[in-house]
Amino acid sequence: MTLTIEAPAKINLHLQVGKLRSDGYHDLLSLMHLVDLSDRVSLRMEGKGGTVELEGNFDCRKEDNLLYKAASAYLQERQKRVPNASPAPGLTISCLKRIPAGGGLGGGSSDAAALLKLLDRFFGAFPQKGVLDEIALSLGSDVPFFLHTGAEIAQGRGEVLEPVEPLPAYPLVLVFPKWRISTPDAYASVDRLRREKADRPRSLSLEQLRESYSRPVAQWPFFNDFTSPVLLQFPESRNLLLGLQNQGALFSQMSGSGSTFFGLFDGEKTALRAFERLKSMGYRCHLGKMLARPYDPVYNGR
Ligand code: C5P
């Protein structure tokens, strides 16, 4: 028997980086929204009881893979929290990757959250509330988001979540430049620019964020605090942003700490034109739409 689920990417419509905290994380105010580009995560009950195997080509050691970490953390919690839990069967996990890694789209986090949903479906919910969220946060700051609805305001280090009404299925273009930036480095660059006073922090209050989201997309005052350091380090990304704007994007921005840029469009024709134009500039792109809800697990009985 195999359980399968689509693990969608997210984009940050707004991403405001606050102060560095004593635990090494930054406080955030962010608005995340699912999009229709997704990985596919599958779980099979196979192999020696209690073992976790990964199937496919991964570019890191098994133990460093977030899917492996998610399964191990889940099994550990189950052992601890479920009285008289039956011994776990062997788990074999595979993942069809479509979301570029390290692109600010939360691909790895979404895969991990998707696997937690599959495990929850297979083993049944924990008797205690909030365990899945705890496991998710132990795996990464934006993993909890992917357990929830399609659009959420995130605060804290990313785990304090408030659902907001998802957008209609706006046509969307994602553009994937080749360069990559590690998340900790991106945060360090924001801090460094601020120390050098080259970038004064702007800010929206939570109330302003909520209110602005209800305005027409073209009037959003949203920004991403990672954009300035990225434009400094990779000046060609300015062309990319301009490309999206010149092609009529209602709103365009970088997602997460980069490197993916996105544009929202008012119609499929305009989005297709922008997609073709950016492809002709040599960029890998995705033409799709905003996604209102996460996907449900599917059994494909085998
Ligand atoms: O939680 P996650 O594993 O995604 O975080 C990776 C790194 O990104 C952290 O070690 C930290 O350096 C940085 N980070 C941060 N503030 C956040 C989230 C992440 O400084 N809210």
Side-chain angles (χ1 to χ4, degrees), residues 7-34 39 58-74 77 95 97 99-116 130 132-148 152-162 179-196 199 201-206 209 222-230 233 253-260:
K10 58 87 183 161
I11 53 176
N12 298 83
L13 300 175
H14 180 73
L15 179 45
Q16 188 171 310
V17 179
K19 285 208 176 73
L20 175 63
R21 313 185 320 192
S22 54
D23 62 3
Y25 289 92
H26 292 73
D27 275 322
L28 299 179
L29 178 62
S30 165
L31 175 46
M32 295 194 268
H33 202 298
L34 295 180
D39 292 340
F58 294 101
D59 55 3
C60 61
R61 282 189 328 139
K62 178 171 107 172
E63 290 71 19
D64 296 331
N65 187 292
L66 209 52
L67 284 168
Y68 180 84
K69 287 185 184 171
S72 306
Y74 180 92
E77 284 303 313
C95 180
K97 285 298 288 179
I99 307 170
L105 297 171
S109 300
S110 184
D111 296 346
L115 178 61
L116 293 180
L132 228 47
D133 282 285
E134 271 175 41
I135 303 174
L137 184 61
S138 75
L139 298 166
S141 304
D142 58 5
V143 183
F145 162 73
F146 289 102
L147 290 176
H148 294 265
E152 308 247 352
I153 292 176
Q155 295 179 88
R157 56 174 266 219
E159 84 287 17
V160 182
L161 294 164
E162 171 188 321
W179 52 265
R180 293 278 170 268
I181 188 165
S182 87
T183 309
D185 288 354
Y187 278 99
S189 301
V190 170
D191 290 338
R192 196 171 47 248
L193 267 188
R194 286 183 182 166
R195 271 198 311 274
E196 291 163 1
D199 197 34
R202 300 164 283 181
S203 76
L204 289 184
S205 67
L206 175 60
L209 180 62
F222 300 153
F223 54 85
N224 178 343
D225 275 333
F226 289 108
T227 312
S228 302
V230 163
Q233 201 178 346
Q253 190 158 268
M254 190 177 76
S255 184
S257 54
S259 59
T260 305

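All figures in this text were calculated on a predicted structure; none of them were measured in a lab. Counting starts at 1 for both ligands and their atoms, in listed order.
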## Note on the structure
Close residues (non-hydrogen atom under 4.0 angstrom from ligand 1) work out to Gly24, Tyr25, His26, Leu28, Gly140, Ser141, Arg157, Thr183, Pro184, Tyr187

### Task
Give a yes or no on whether the ring-centroid distance for Tyr187 and Tyr25 is below 6.0 angstrom.
no

### Query
Hey, does Asp142 have a side-chain heavy atom less than 4.5 Å from the side chain of Arg157?
no

### Message
Please tell me whether His33 and Asn12 have a donor and an acceptor in their side chains that are separated by less than 3.5 angstrom.
### Response
no

### Distance in Å, Asp64 CG paired with Lys62 NZ, rounded so as to fall on 0.5 Å steps
12.0 Å

### Message
Nearest 0.5 angstrom please: Trp179 CH2 to Gln233 CD, how far?
### Response
8.0 Å

#### Entry: Interatomic spacing from CZ in Arg180 to OG in Ser257 - rounded to 0.5 Å
10.5 Å

